[in-house]
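Heads up: numbering here begins at 1 and tracks the sequence.
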Amino acid sequence: MKLSRRVSWFLVAFGVWSWIVWITFVKNLWKDTSGLAFHHGDHGSPTAYFWIHLTLAVVSFLLGTAIAALGARSLRALHQESHPAVPAQPAPDQALPEHQR
């Protein structure tokens, strides 16, 4: 399956966005002192809310990474398609076979 350049960039941007959003969320989750994430506001006893949301963040990190990798891989393939590798020329001192002269 071929992806367009626009879709490929969207996938990369989505992966980056996912990391930005979830890193911010985990930082805020860790700083929570309201009693939602930690009993009595201390970091010694996390609640089920903390574990569920940490699991969501980890899964989102993994999915964001996979989605961005697909987009980056597609962009690399599109670049190689539009700029094919130039075959190497033989050195001047090397003799060419008769059929290539």
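A distance of 13.5 Å separates CG of Leu56 from CH2 of Trp51, quoted to the nearest 0.5 Å. To the nearest 0.5 Å, the span separating CG on Leu3 from CG on Leu70 amounts to 8.0 Å. Distance check: Trp22 CH2 to Asn28 CG gives 11.5 Å after rounding to the nearest 0.5 Å.
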(message) Assess the residue pair Ile23 and Lys27 against the criterion (side-chain contact (heavy atoms from CB on, under 4.5 Å)); give the C-alpha distance rounded to whole Å, side-chain angles, the decisive distance to 0.1 Å, and a yes or no.
(response) CA-CA 6 Å; Ile23 285 175; Lys27 284 180 183 179; 3.9 Å; yes
(message) The test is side-chain contact (heavy atoms from CB on, under 4.5 Å); show your working for Leu11 and Phe14 and say whether it passes.
(response) CA-CA 5 Å; Leu11 293 177; Phe14 179 85; 5.5 Å; no
(request) Give the intermediate values and the outcome of side-chain contact (heavy atoms from CB on, under 4.5 Å) for residues Leu36 and Leu29. (result) CA-CA 9 Å; Leu36 276 175; Leu29 182 66; over 6 Å; no
(message) Using the rule given for side-chain contact (heavy atoms from CB on, under 4.5 Å), can you reason through Leu75 versus Trp9, listing the C-alpha separation, both sets of side-chain angles and the distance that settles it, and then say yes or no?
(response) CA-CA 7 Å; Leu75 286 171; Trp9 275 113; 3.5 Å; yes
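The shortest non-hydrogen separation linking Val26 to Ala57 is CG2-CB, 3.5 Å. Shortest non-hydrogen contact noted between Gly35 and Asp32 is N-OD2, 3.8 Å. Between Arg5 and Ser82, the closest heavy-atom pair is NH2-OG, 4.5 Å. Considering every non-hydrogen atom in both Gly15 and Ala68, the closest pair reads CA-CB, 3.9 Å.
Looking only at distances, no side-chain donor or acceptor of Ser8 sits under 3.5 Å from a matching main-chain atom of Ser74.
Cluster membership check: Val12 does not share its hydrophobic cluster with Leu63, using side-chain heavy-atom separations under 4.5 Å among Ile, Leu, Val, Met, Phe, Trp and Tyr. In this structure, Phe25 is not a member of the same hydrophobic cluster as Ile67, with clusters built from ILVMFWY side-chain heavy atoms closer than 4.5 Å.
Counted by atom type alone, Trp19 and Thr65 present one or more donor-acceptor pairs between their side chains at under 3.5 Å.
Side-chain contacts under 4.5 Å among hydrophobic residues (ILVMFWY), followed directly or transitively, place Leu62 together with Val58.
Taking a 6.0 Å sphere around CZ of Phe50, one finds it holds more than 12 heavy atoms contributed by other residues, nucleotides or ligands.
Here salt bridge (charged side-chain N to carboxylate O under 4.0 Å, His left out) pairs that include residues 66-83, with residues two or more places apart or in two chains, are Lys2-Glu81.
Classification of the His53-Tyr49 ring pair by plane angle, with boundaries at 30° and 60°, yields tilted.
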